[in-house]
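The first residue in the sequence is number 1, and the count goes up from there. These values consider heavy atoms only, across backbone and side chains, with no hydrogens, waters or symmetry-generated copies. Just follow the structure's listing: the first ligand is 1, and inside any ligand the first atom is 1.
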Amino acid sequence: MNMEKQITVTSPLLPSLEEFIPYLRDIWDRKWLTNNGHYHQLLEKALAEYLKVPYISLFTNGTLPLITALQALRITGEVITTPYSFVATTHSLWWNGIKPVFVDIDPETCNIDPEKIEAAITPKTTAIMPVHVYGKPCDMEKIQSIADKYGLKVIYDAAHAFGVEVNGKSVLEAGDMSTLSFHATKVYNTVEGGALICHDEQTKQRIDYLKNFGFAGETTVIAPGINGKMDEVRAAYGLLNLKQVDTAIEARRQVAAKYREELRDVPGIWVMEDMPGVRHNYSYFPIFVDAEQYGMTRDELYARMKERNVLGRRYFYPLISEFSTYRGLDSARPENLPVAHRIADSVICLPMYSGLETEELERILNLIRQ
Ligand SMILES: Cc1ncc(COP(=O)(O)O)c(C=O)c1O
């Protein structure tokens, strides 16, 4: 039996319990637990400022904003998206009765390949749903120019892209809407949570109605909405975590720099470099294994890490297009998605979190360099 301490792939950013308790006491005193309460309002305002986006609506997780964005924009028919993401991206389409159309990815960024989008457009296409995978920004200009040419909406799944900026501008400004996830495993978390970002007050109003069952007043329901509201306890927790997120991102940056420095020259291991002009959030550290050059397959390396109590994650494997719900779609055929398949078969995300210790980092590096 391996006695080495287990290193998990991630570890949540937790606020100080001492600081949290007075917030809880205040919530108990106020006796207002949800429905746009005091802490909800404070967090919405604080996040709008931090993320540099004035119109943000908080949600109870990162999946409901995707589902709600499609409702808010009345998207129907077919939506072009990527198979290289977490299943929630495509599930949000399915739950809205929309057919996902998968397009292959760019091997440099792992994001949807904009060069391949136009060929997938049909008369039924109404939108594009790209994902900023690992928080690496998509080619937003190119995607917007295609959307403008064909009159399509763009909804970014920015679940991984908290705080990511390009030349000082938030990626959340792109497209018609963007969504965030504040799940426990993310760079910034509210235990479970998420947000939907739009660009005008009227749209935010519509989103806020939709996430509260469609209520626009005591007795008025304007649409078949859903319950997506964030509660006071998580909003208060989120306020505290926001205070330490920059420190956490800086610690992650240092971990990423060390990984890259030590793994860049290992034959058969490919790492992603920083992109010029981008403020990254270092949400994940994926490596890509070339079995022939490395002398071991991705799955063999993954198993060896596991044996030694180092938990990586094959994120994203299998591709969404391989799950039974989607496998029958024309666009899910492997011949249509060769790059995504190659990447999904070679990726391992290494442990990445702000509290990763130097000795733990050395253990991981030694395992991969051996
Ligand atoms: C790309 C992507 N989209 C959507 C989601 C869904 O977010 P949540 O788990 O907060 O519902 C996730 C989260 O895991 C994700 O990684």
Side-chain angles (χ1 to χ4, degrees), residues 8-13 43 47 51 56-71 79-96 98 100 102-103 105-106 109-112 127-138 143 154-164 171-172 174-175 177-197 211 226-231 234-235 237-238 241 280-286 313-321 323 325-326 340 343-344 347 349 352-353:
T8 48
V9 71
T10 182
S11 177
L13 182 69
L43 182 61
L47 281 171
L51 297 167
I56 177 168
S57 298
L58 301 183
F59 277 76
T60 194
N61 60 48
T63 302
L64 285 167
L66 286 166
I67 290 173
T68 306
L70 294 161
Q71 285 283 325
V79 169
I80 292 173
T81 190
T82 170
Y84 194 74
S85 180
F86 183 66
V87 282
T89 312
T90 313
H91 283 354
S92 72
L93 299 170
W94 205 260
W95 272 57
N96 275 289
I98 295 162
F102 296 113
V103 162
I105 61 170
D106 173 346
T109 60
C110 297
N111 291 330
I112 193 166
I128 309 170
M129 186 181 270
V131 181
H132 301 293
V133 175
Y134 308 132
K136 303 268 180 217
C138 291
I143 291 170
V154 184
I155 300 166
Y156 282 97
D157 180 341
H160 298 178
F162 185 90
V164 174
V171 293
L172 303 172
M177 290 188 191
S178 292
T179 67
L180 288 169
S181 164
F182 306 148
H183 183 255
T185 55
K186 300 289 189 275
V187 167
Y188 168 78
N189 83 84
T190 58
V191 187
E192 291 267 3
L196 179 49
I197 290 92
K211 76 170 192 192
I226 200 154
N227 182 0
K229 293 170 276 123
M230 182 185 277
D231 62 76
R234 288 192 275 158
Y237 173 108
N241 252 356
H280 291 285
N281 66 7
Y282 308 96
S283 46
Y284 298 88
F285 196 88
R313 188 173 174 201
R314 289 168 291 184
Y315 198 61
F316 298 103
Y317 167 85
L319 293 175
I320 302 175
S321 49
F323 292 118
T325 312
Y326 307 111
I343 296 288
V347 69
C349 284
M352 169 54 95
Y353 48 90

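Summary of contacts: the protein heavy atom closest to atom 4 (C) of ligand 1 is D157 OD2, 3.5 Å. For atom 11 (O) of ligand 1, the closest non-hydrogen atom on the protein side is T63 OG1, 2.6 Å. Closest to atom 16 (O) of ligand 1 among all protein heavy atoms lies H160 NE2, 2.9 Å. Here the protein heavy atom with the shortest distance to atom 13 (C) of ligand 1 is K186 NZ, 3.0 Å. The nearest heavy-atom contact from the protein to atom 8 (P) of ligand 1 is G62 N, 3.4 Å. Looking only at heavy atoms of the protein, atom 12 (C) of ligand 1 is closest to F86 CD2, 3.5 Å.
Considering backbone and side-chain atoms together, E192 places no N or O closer than 3.5 Å to any N or O of ligand 1.
Ligand-side atoms of ligand 1 in range of A159: 1 (C), 2 (C), 3 (N), 4 (C), 12 (C), 15 (C), range being under 4.0 angstrom from any heavy atom. Shown in contact with S85 at under 4.0 Å from a heavy atom are these atoms of ligand 1, numbered in order with element: 1 (C). Near A88, with a cut-off below 4.0 Å to any heavy atom, the atoms of ligand 1 are 4 (C), 5 (C), 6 (C). Within ligand 1, the atoms closer than 4.0 Å to a non-hydrogen atom of S181 are 7 (O), 8 (P), 10 (O), numbered from 1 in the order shown.
The six-membered or imidazole ring of H91 lies away from that of F86, with a centre-to-centre distance of 6.0 Å or more.
Using a 30° and 60° split on the angle between ring planes, Y156 and H132 fall in the parallel class, below 30°. Between F162 and Y188, the two ring planes are parallel [angle under 30°; tilted spans 30° to 60°].
For H160 against F316, the heavy-atom pair with the smallest separation is CE1-CZ, 3.5 Å. For the residue pair I143 and C138, the shortest heavy atom distance occurs at CD1-CB, 3.9 Å.
With respect to L66, the side chain to side chain contact (heavy atoms under 4.5 Å, CB included) criterion is satisfied by exactly one of T90, L196, T179: T179.
Put simply, the side chain of V154 reaches to within 4.5 Å of the side chain of P130, judged on heavy atoms. Residues I105 and V133 have side chains not in contact (no heavy-atom distance under 4.5 Å, counting atoms from C-beta outward).
Using a 4.0 Å cutoff on heavy atoms, Y315 counts as a contact of ligand 1.
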